[in-house]
Q: 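Pasting in a structure now, in structure tokens, and then I'll have a few things to ask.
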Amino acid sequence: MAVSIVMFFVLFFGIGFILNMILKTTWLPLVLYFGFAGYLIFTLSSFHFADISVMISGLAGTIIGGWTIQTLRSKGYKMF
């Protein structure tokens, strides 16, 4: 479980960071994550603590990816 929490954090951070660089929208990955999580919630009938903690780590990765892009843009990096 600990490995999957770190893996999902890094996975969603990376996906969010790359989407932000390509599309130049800061919070689009967060909207996409909520769509993905909503799909999982409505298709799966039961959740356990491990499932919820992995989803929260993915959400944290997405939020921190958006925050990182905003910070890099405010410091003057033009490619972001």
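Treat the numbers as computed from the prediction; the structure is a model and nothing was measured.
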Q: Hey, what do you get for CH2 (Trp27) to CD1 (Ile63), rounding to the nearest 0.5 Å?
A: 7.0 Å
Q: Can you list the residues that meet the side chain to side chain contact (heavy atoms under 4.5 Å, CB included) rule with Leu32, with sequence neighbours excluded?
A: Leu19, Leu28
Q: Name all residues meeting the ring-ring contact (aromatic ring centres under 6.0 Å, His included) criterion together with Phe9; count only those two or more places apart in sequence or in a different chain, and write none if there are none.
A: none
Q: Counting distance only, does the side-chain N/O of Asn20 pair as donor-acceptor with the main-chain N or O of Gly16 below 3.5 Å?
A: yes
Q: Consider only side-chain heavy atoms of I, L, V, M, F, W and Y, link residues closer than 4.5 Å, and tell whether Ile22 and Tyr33 are in one cluster.
A: yes
Q: Show me the donor-acceptor pairs, under 3.5 Å and distance only, between side chains in residues 52-59 and residues at least two apart or in other chains.
A:
{"residue": "Ser53", "atom": "OG", "partner": "Phe49", "partner atom": "O", "Å": "3.2"}
{"residue": "Ser53", "atom": "OG", "partner": "Ala50", "partner atom": "O", "Å": "2.9"}
{"residue": "Ser57", "atom": "OG", "partner": "Ile5", "partner atom": "O", "Å": "3.3"}
{"residue": "Ser57", "atom": "OG", "partner": "Val54", "partner atom": "O", "Å": "2.7"}

Q: Can you check whether Phe47 reaches Ile41 side chain to side chain, under 4.5 Å on heavy atoms?
A: yes
Q: State plainly whether one hydrophobic cluster holds both Ile15 and Phe34, where clusters connect Ile, Leu, Val, Met, Phe, Trp and Tyr through side-chain heavy atoms under 4.5 angstrom apart.
A: yes
Q: Is Leu44 reachable from Met1 through a run of hydrophobic residues whose side-chain heavy atoms are each under 4.5 Å from the next?
A: yes
Q: In Å and rounded to the nearest 0.5 Å, what is the OG1 to CZ distance from Thr62 to Phe8?
A: 11.0 Å
Q: Assign the ring pair Phe12 / Phe36 to parallel, tilted or perpendicular, where the plane angle (0 to 90°) is split at 30° and 60°.
A: tilted
Q: Side-chain contact test, heavy atoms from C-beta onward, threshold under 4.5 Å: evaluate it for Leu72 versus Phe17 and give yes or no.
A: yes
Q: For Lys24 and Arg73, work out which heavy atoms get closest and say how close.
A: CA-NH2, 3.4 Å
Q: For Thr71, what residues pass the side chain to side chain contact (heavy atoms under 4.5 Å, CB included) criterion, not counting sequence neighbours?
A: Trp67, Lys75
Q: Heavy atoms only: give me the nearest Ile69-Met21 pair and the separation to one decimal.
A: CD1-CG, 4.1 Å
